[in-house]
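Read through the structure below, which is laid out as structure tokens, and then see the notes.
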Amino acid sequence: QVQLVESGGCLVQAGGSLKLFCAASGGTLSSYTMGWFRQAPGKEREQVASISRSGSPYYEDFVKGRFTISRDDDKNTVYLQMDSLKPEDTAVYYCAADTRTSYRVVGDFWGQGTQVTVSL
């Protein structure tokens, strides 16, 4: 069973950049499709991006052109580079590992989340 730990969240001004990290232990990330999700206060959790085992990325429309997902299986880490941040990107961000191959990640394993706050 893989354990996931997110980090990198903080307070940033609108227009700024931030990089999130998702480190795995207890398992090999290369076995999983990986996804980043977010949940804003009062809203449902939503998928932001996913990346296949071969490294093919998928992005939701609201982050296309601004966010980049990547993975380094040697380091057992998945990244989310976030540029041109907007206040509406404020949320707790989670990573998830999925044994399925769909770009729509369901998530067999989840991290605890990291808070991203974007101020005006």
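For reference, positions follow the sequence shown, starting with 1.
- In this structure, the side chain of T117 does not engage the main chain of L11 through any donor-acceptor pair within 3.5 Å.
- In plain terms, the two heavy atoms of F62 and Q47 that are nearest each other are CZ-O, 3.4 Å.
- Aromatic pair F67/W36: ring centres not closer than 6.0 Å.
- Under the 4.5 Å side-chain heavy-atom criterion for Ile, Leu, Val, Met, Phe, Trp and Tyr, Y59 and Y94 are members of distinct hydrophobic clusters.
- In this structure, S25 OG and Q3 CD are separated by 4.5 Å, a value rounded to the nearest 0.5 Å.
- Note: the hydrophobic cluster containing V12 also contains M82 (ILVMFWY, side chain heavy atoms under 4.5 Å, direct or indirect links).
- Using a 4.5 Å heavy-atom threshold, the side chains of L80 and Y93 count as touching.
- Heavy-atom minimum distance, R71 versus I51: NH1-O, 3.4 Å.
- Side-chain contacts under 4.5 Å among hydrophobic residues (ILVMFWY), followed directly or transitively, place F21 together with Y79.
- To the nearest 0.5 angstrom, E46 atom CD is 9.5 Å from Q39 atom CD.
- At a threshold of 4.5 Å between non-hydrogen side-chain atoms, the residues V5 and T77 do not count as touching.
- Side-chain N/O atoms of S30 and T28 include no donor and acceptor closer than 3.5 Å.
- Heavy atoms of other residues, nucleotides or ligands lying less than 6.0 angstrom from CD of E88 number more than 12.
- If you chain together hydrophobic residues whose side chains sit under 4.5 Å apart, L20 and V2 fall into the same group.
- The minimum heavy-atom distance between G107 and A96, with the atom names listed, is CA-CB, 4.1 Å.
- The aromatic rings of Y32 and F109 sit perpendicular to each other, their planes meeting at more than 60°, with 30° as the lower class boundary.
- In this structure a side-chain-to-backbone donor-acceptor pair under 3.5 Å is present from S50 to Y103.
- Each of V92 and M34 belongs to its own hydrophobic cluster when Ile, Leu, Val, Met, Phe, Trp and Tyr are linked at side-chain heavy-atom distances under 4.5 angstrom.
- Rounding to the nearest 0.5 Å places CG of D89 at 11.0 Å from CG of D83.
- Linking Ile, Leu, Val, Met, Phe, Trp and Tyr whenever their side-chain heavy atoms come within less than 4.5 Å puts L18 and V118 in one cluster.
- Side-chain atoms of D98 never come within 3.5 Å of backbone atoms of V105 as a donor-acceptor pair (strictly under, hydrogens ignored).
- Between the side chains of R104 and Y58, at least one donor N or O lies within less than 3.5 Å of an accepting N or O.
- Distance check, rounded to the nearest 0.5 Å: OG1 of T90 to CG of L85 gives 8.5 Å.
- A distance of 6.5 Å separates CG of L29 from SG of C22, quoted to the nearest 0.5 Å.
- The pair D61-K64 counts as a salt bridge, with a side-chain nitrogen and a carboxylate oxygen less than 4.0 angstrom apart.
- Of the possible donor and acceptor atoms, none in the side chain of D73 sits under 3.5 Å from a partner among the backbone N and O of S31.
- R53 CZ to T99 OG1: the interatomic distance, rounded to the nearest 0.5 Å, is 7.0 Å.
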Side chain to side chain contact (heavy atoms under 4.5 Å, CB included) between T33 and R100, intermediate numbers included = CA-CA 7 Å; T33 301; R100 303 163 191 81; over 6 Å; no
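- When side chains are defined from C-beta on, I69 does not count as touching Q81, because their heavy atoms never get closer than 4.5 Å.
- E6 places no side-chain N or O within donor-acceptor distance of the main-chain N or O of T114, the cut-off being under 3.5 Å.
- R66 and S84 get closest at one heavy-atom pair: NH1-O, 3.0 Å.
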